[in-house]
Amino acid sequence: MTVTDGGSSLLAISDLHVGHPANRPVVEGLRPRTPQDWLLVAGDVGDTVADVEWALRLLAGRFARVVWSPGNHELWTPPRDPVTLRGVARYAHLVELCRDLGVVTPEDPYPVWVGPDGPVTVAPLMLLYDHSWRPDGFDTVEAALAEAYRTGVVCTDEMLLHPDPYESRSAWCAARVAETARRLAGRDPALPTVLMNHWPLVREVTRVLRYPIFAQWCGTEATADWHVRFAAAAVVYGHLHIPRTTWHDGVRFEEVSVGYPREWQPRGVPRLRQILPAPDGVPPTAWWPPAAALTRGSQSSRPSA
Ligand SMILES: [Fe+2]
Ligand SMILES: [Fe+2]
């Protein structure tokens with residue numbers, strides 16, 4: 001790791017799932033290295049509003065700035081949650097909660113992180129998915145869903161993530177993608193970005209899923225080029241519960257999830273991922289300036305550097 005000598009670091013984590021009692025001490029153990037450190041929280045903090053508030057309040061009290069993007073679990077309306085809001089209204093409620101806590105949301109102006117390998121525009125996103133990552137041979141959303149039900153691999157979102165007032169989660173996703181692209185196009189073009197979304201922006205990272213048919217709940221084809229189009233120095237995501245680093249078109253993608261206790265316990269206690277400054281040996285903005293990226297081409301493995 002690069003030693004920042006008291007400077008700020010941009011750190012990240014996701015999928016804290018604090019409804020699992022064994023995950024709460026993990027959150028309680030998350031601390032900044034310096035008082036200037038920022039923390040990106042890429043969704044799936046918890047299933048109930050109270051759980052989300054518990055975790056974000058704790059973290060907001062420790063880090064110089066906390067930036068949050070919702071995951072599908074925050075957007076669920078679980079029967080046991082006294083907050084019965086659904087869909088857009090539930091998301092708006094969570095945004096207001098975050099604002100009360102001083103946590104930056106996708107609805108706020110994108111903050112600029114200034115530190116080693118910066119400055120960068122930090123853009124928390126809320127994009128959902130649209131069933132466009134379908135298995136081969138299934139040409140429609142209906143066909144892909146039917147195959148999922150036939151094989152028994154169905155995301156709980158089908159029962160708990162309500163799209164109200166949209167007619168479907170896919171329609172909500174389309175609206176989010178359009179509005180977010182507009183906002184990102186209006187950012188300061190002089191700065192690279194760090195894009196954070198709970199769901200991955202490129203389908204390639206879902207190829208390692210144990211059940212590939214689950215990819216239809218993981219993202220949208222509409223964001224396939226966003227890491228290049230919006231000048232990403234790094235992309236932060238979760239949802240897959242497969243923590244790792246991959247490279248796409250020279251851009252570093254960080255899956256930063258903790259996951260469920262049965263997933264992380266064999267690996268040891270989860271730690272924060274350092275996004276910037278780039279860890280030792282990693283080019284901070286591999287594609288920068290943009291002209292270099294245009295000649296680099298697409299790749300899924302880490303470039304030699
Ligand atoms: Fe998760
Ligand atoms: Fe998730």
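Residue numbers start at 1 and run along the sequence shown. Keep in mind that what you see is a predicted model, and the values were worked out from it rather than measured. Indexing begins at 1, ligand by ligand and atom by atom, following the structure's order.
- Among the backbone and side-chain atoms of H73, none of the N, O or S atoms lies under 2.8 Å from the Fe ion (ligand 1).
- Atom OD2 is the N, O or S atom of D15 at the shortest distance from the Fe ion (ligand 1).
- Taking CZ from R169 and CG from D164, the interatomic distance works out to 10.5 Å, rounded to the nearest 0.5 Å.
- Other residues, nucleotides and ligands contribute at most 12 non-hydrogen atoms within 6.0 Å of the OH atom of Y211.
- Classified by interplanar angle (parallel below 30°, tilted 30° to 60°, perpendicular above 60°), the ring pair H17/Y260 is tilted.
- Relative to the ring axis of Y110, R183 places its NZ or CZ within 45° and under 6.0 Å from the centre.
- Expressed to the nearest 10°, the angle at the Fe ion (ligand 2) joining OD1 in N72 with NE2 in H198 is 90°.
- Of the listed residues (H198, E254, M196, E255), just one forms a side-chain contact (heavy atoms from CB on, under 4.5 Å) with Y237, and that residue is E255.
- Residue-level check: among N/O/S atoms of H239, ND1 sits closest to the Fe ion (ligand 2).
- Among the atoms of D44, an N, O or S atom falls under 2.8 Å of the Fe ion (ligand 2).
- For the pair NE2 of H17 and NE2 of H241, the angle at the Fe ion (ligand 1) is about 90°; rounding is to 10 degrees.
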